Number of protein chains: 2
Amino acid sequence: MLHTSPPYPVHQETQVAEPKTLVEAAYRSLRRNIIEGRLSPGEKLRIEHIKNDYGVGGATLREALSLLTSDALVVSQGQRGFRVAPVSLEDLADITETRVMLECSALRHSIALGDDAWEAELTAAFHRLTRAEERLAEGNHREQWEERNRIFHEVLIAACPSRWTKHFLSILYHQAERYRHLSLRRSEGTRRLHDEHAALFEAAMARDADTATRLLGEHIRLTLQSVRLDNASTASH
Amino acid sequence: MLHTSPPYPVHQETQVAEPKTLVEAAYRSLRRNIIEGRLSPGEKLRIEHIKNDYGVGGATLREALSLLTSDALVVSQGQRGFRVAPVSLEDLADITETRVMLECSALRHSIALGDDAWEAELTAAFHRLTRAEERLAEGNHREQWEERNRIFHEVLIAACPSRWTKHFLSILYHQAERYRHLSLRRSEGTRRLHDEHAALFEAAMARDADTATRLLGEHIRLTLQSVRLDNASTASH
DNA sequence: TTTGAATCGTTTCTCGATATTTTTCTTGTG
DNA sequence: CACAAGAAAAATATCGAGAAACGATTCAAA
């Protein structure tokens with residue numbers, strides 16, 4: 001979904017734009033539940049059963065599910081209702097490679113066109129991410145890290161003028177995030193996540209597009225490799 | 001009438017899969033009306049007024065409009081209803097460049113991976129397009145040409161394994177089609193459309209990826225240049 | 001004349017009820 | 001016992017009416 005352009009400080013964590021309608025609220029709630037794995041891949045979504053959980057009527061919930069269909073988080077088969085979209089390693093590989101292509105292209109544009117304000121925003125986003133990464137080792141700050149990681153990636157390509165590229169990337173990012181949540185995420189500890197981000201940040205600030213895109217590609221692909229799906233959730237159909 | 005999943009030749013013109021629900025029917029009808037310019041950019045879509053035109057209830061039409069939002073053919077602002085998405089030269093340029101990137105990448109994969117069956121399908125699609133181009137000069141065969149042109153482009157990249165790339169391309173193709181319809185389309189006569197397609201076809205069959213992607217990029221960009229928006233419909237908002 | 005507040009008509013958004021389809025269960029038959 | 005046909009149950013898709021929000025207009029005050 002393409003939204004109207006938000007006011008100035010685009011990448012503030014606070015400004016998330018309240019949902020204005022019940023459809024929107026249900027859409028977001030459902031999306032979170034799917035991305036964060038509380039609804040399993042392939043699970044049937046019976047409108048009559050779950051409309052009470054979200055406190056909306058049938059038609060409203062239906063519309064929210066329709067919207068999720070466009071994000072490929074929900075699939076609908078003709079007159080047989082809705083299901084949570086299935087997952088597969090094949091799909092994950094596709095998401096990853098498509099994302100590498102789009103995000104590297106966007107990064108190149110961003111590096112070429114970014115001005116002082118972009119550098120400042122990037123520095124700020126990197127700083128916040130760094131703090132979150134320090135905290136990540138300790139307690140339960142995963143959500144905050146997830147948010148700041150997303151914003152860092154968004155700011156990296158913020159100076160790219162292509163709205164369509166950004167739109168597609170946002171869809172793919174949500175997809176990838178879902179796979180990350182579904183995976184057992186044990187292997188993450190072994191990665192030097194912060195070093196990857198730091199090198200990427202340095203290359204971008206130095207306007208070294210070749211190095212930056214190479215690092216970004218590796219970074220995204222490593223995320224893929226750290227995901228090993230639980231066999232139970234790989235059932236395609 | 002039970003149809004088993006479509007048999008081999010996927011890109012037949014006849015098999016378009018009937019809409020199974022009213023939402024789907026309304027969605028397609030609306031999409032055609034927007035793409036083919038019968039609904040003007042920026043026009044307000046009042047549910048109460050147009051639900052009779054499509055013979056559906058309010059909630060159903062609403063859901064169809066929501067779906068079009070995801071294709072960026074309709075925009076919705078909070079509690080202020082729906083509008084036909086605005087157009088701009090800037091947006092068209094973005095669509096074109098994003099499409100060039102994705103479609104060239106897909107073509108490269110397709111050329112690398114396509115087998116005999118792909119060559120056969122491509123030959124057939126090119127042949128049908130050629131016939132349609134011969135007829136185009138004469139009478140009112142524009143719709144047929146539009147259809148076969150789309151299929152030719154689809155078959156070109158059919159051997160590319162990335163579902164996501166194809167999905168995004170299909171969205172962009174619809175967008176570009178809309179701009180083509182909105183333009184005054186006078187300059188099209190001057191183009192050697194068939195020569196472009198023929199050269200592209202030859203390069204693909206010869207597995208010359210560099211030439212093919214170069215030609216494809218030029219081809220798509222030329223389409224952009226042949227589009228000059230009527231100033232009246234360029235009002236952004 | 002401009003600004004601000006209040007009102008009213010219009011439109012959007014939402015829900016419960018209904019008709020239609022799909023799925024499940026039962027029953028009868030070879 | 002396997003299988004098919006039919007009936008019952010469940011779920012889906014759809015509609016029309018009602019509640020909430022918006023925008024235009026009016027009117028009053030600065």
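What you are looking at is a predicted structure, and each value in this text was computed from that prediction instead of being measured. The basis for the numbers below is simple: all heavy atoms, side chains too, and nothing from hydrogens, waters or symmetry mates. Residue numbers begin at 1 in each chain, while the letters A, B, ... track the order of the sequences.
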Student: Can you tell if the side chain of W164(B) reaches within under 4.5 Å of the side chain of L102(A), non-hydrogen atoms only?
Tutor: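 The answer is no; the side chains never approach within 4.5 Å.
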
Student: Could you tell me whether L45(B) contacts a base, only the sugar-phosphate backbone, or nothing, with contacts defined as non-hydrogen atoms closer than 4.0 Å?
Tutor: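 Contact class for L45(B): sugar-phosphate only.
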
Student: Using a cut-off of strictly less than 4.0 Å, decide whether R62(A) has a side-chain nitrogen or oxygen near OP1 or OP2 of dT12(D).
Tutor: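 Checking dT12(D) against R62(A), no side-chain N or O comes under 4.0 Å of OP1 or OP2.
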
Student: Nearest to the side chain of V56(B) - dT14(C), dA11(D), dC15(D)?
Tutor: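 Taking heavy atoms from C-beta onward, the closest nucleotide is dC15(D).
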
Student: Charged N to carboxylate O under 4.0 angstrom, R150(B) versus E147(B)?
Tutor: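 Yes, R150(B) and E147(B) are salt-bridged.
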
Student: Determine: side-chain N/O of K44(A) to OP1/OP2 of dA10(D), distance under 4.0 Å, yes or no.
Tutor: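 Answer no for this pair, as no side-chain N or O of K44(A) is under 4.0 Å from OP1 or OP2.
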
Student: By nearest atom, which of the nucleotides dA13(D), dC15(D), dT12(D) is closest to the T60(B) side chain?
Tutor: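 Of all the options, the side chain of T60(B) is nearest to dC15(D).
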
Student: Hey, are E143(B) and R32(B) close enough for a salt bridge, meaning a charged N less than 4.0 Å from a carboxylate O?
Tutor: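 Result for this pair is yes, salt bridge flagged.
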
Student: If you look at every strand shown and take non-hydrogen atoms under 4.0 Å, does Q79(A) touch a base, only sugar-phosphate, or nothing?
Tutor: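 The residue Q79(A) makes sugar-phosphate contact but no base contact.
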
Student: Can you figure out which of dA11(D), dT14(D), dC15(C) approaches the side chain of L22(B) most closely?
Tutor: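 Nucleotide nearest to L22(B)'s side chain: dT14(D).
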
Student: Output yes when at least one side-chain N/O atom of R46(B) is less than 4.0 Å from OP1 or OP2 of dT11(C), else no.
Tutor: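 For dT11(C), OP1/OP2 do have a side-chain N/O of R46(B) under 4.0 Å.
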
Student: What is the nucleic acid contact for K51(A), judged by heavy atoms within less than 4.0 Å: base, sugar-phosphate only, or nothing?
Tutor: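 It contacts nothing in the nucleic acid.
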
Student: List, one per line, each side-chain donor-acceptor pair under 3.5 Å for residues 54-63 of chain A, sequence neighbours excluded.
Tutor:
| residue | atom | partner | partner atom | Å |
| --- | --- | --- | --- | --- |
| Y54(A) | OH | N33(A) | ND2 | 2.8 |
| R62(A) | NE | E63(B) | OE1 | 2.8 |
| R62(A) | NH2 | E63(B) | OE2 | 3.4 |
| E63(A) | OE1 | R62(B) | NE | 2.9 |
| E63(A) | OE2 | R62(B) | NH2 | 3.4 |
| E63(A) | OE2 | S66(B) | OG | 2.6 |

Student: Quick one: E63(A) CD to dT12(C) P, roughly how many Å, whole number?
Tutor: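 Those two atoms, CD and P, are 13 Å apart.
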
Student: Tell me whether R180(A) forms a cation-pi arrangement with Y173(A), defined as NZ or CZ under 6.0 Å from the six-membered ring centre and within 45 degrees of its axis.
Tutor: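 Judged by the rule (NZ or CZ under 6.0 Å from the ring centre, within 45° of its axis), R180(A) counts as positioned above Y173(A).
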
Student: So, is T21(A) near the phosphate of dT12(C), with a side-chain N or O under 4.0 Å from OP1 or OP2?
Tutor: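 It does not, given that no N or O in the side chain of T21(A) lies less than 4.0 Å from OP1 or OP2 of dT12(C).
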
Student: Within this structure, what is the CD-to-P distance between E24(A) and dT12(C), rounded to whole angstrom?
Tutor: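 In whole Å, dT12(C) P and E24(A) CD are 17 Å from each other.
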
Student: Rounded to the Å, how far apart are K20(A) NZ and dC13(C) P?
Tutor: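 Nearest whole value for this atom pair: 13 Å.
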
Student: Among dT12(C), dT14(D), dT12(D), which nucleotide sits nearest the side chain of I47(B)?
Tutor: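 The nucleotide sitting nearest to the side chain is dT12(C).
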
Student: Quick check on DNA chain C: between G57(A) and H49(B), whose nearest nucleotide comes earlier from the 5' end?
Tutor: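 Per heavy-atom nearest nucleotide, the more 5' residue is H49(B).
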
Student: Output the single nucleotide from dT12(C), dC22(D), dC15(C) whose closest atom is nearest the side chain of R80(B).
Tutor: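 Closest of the options to the side chain of R80(B): dC22(D).
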
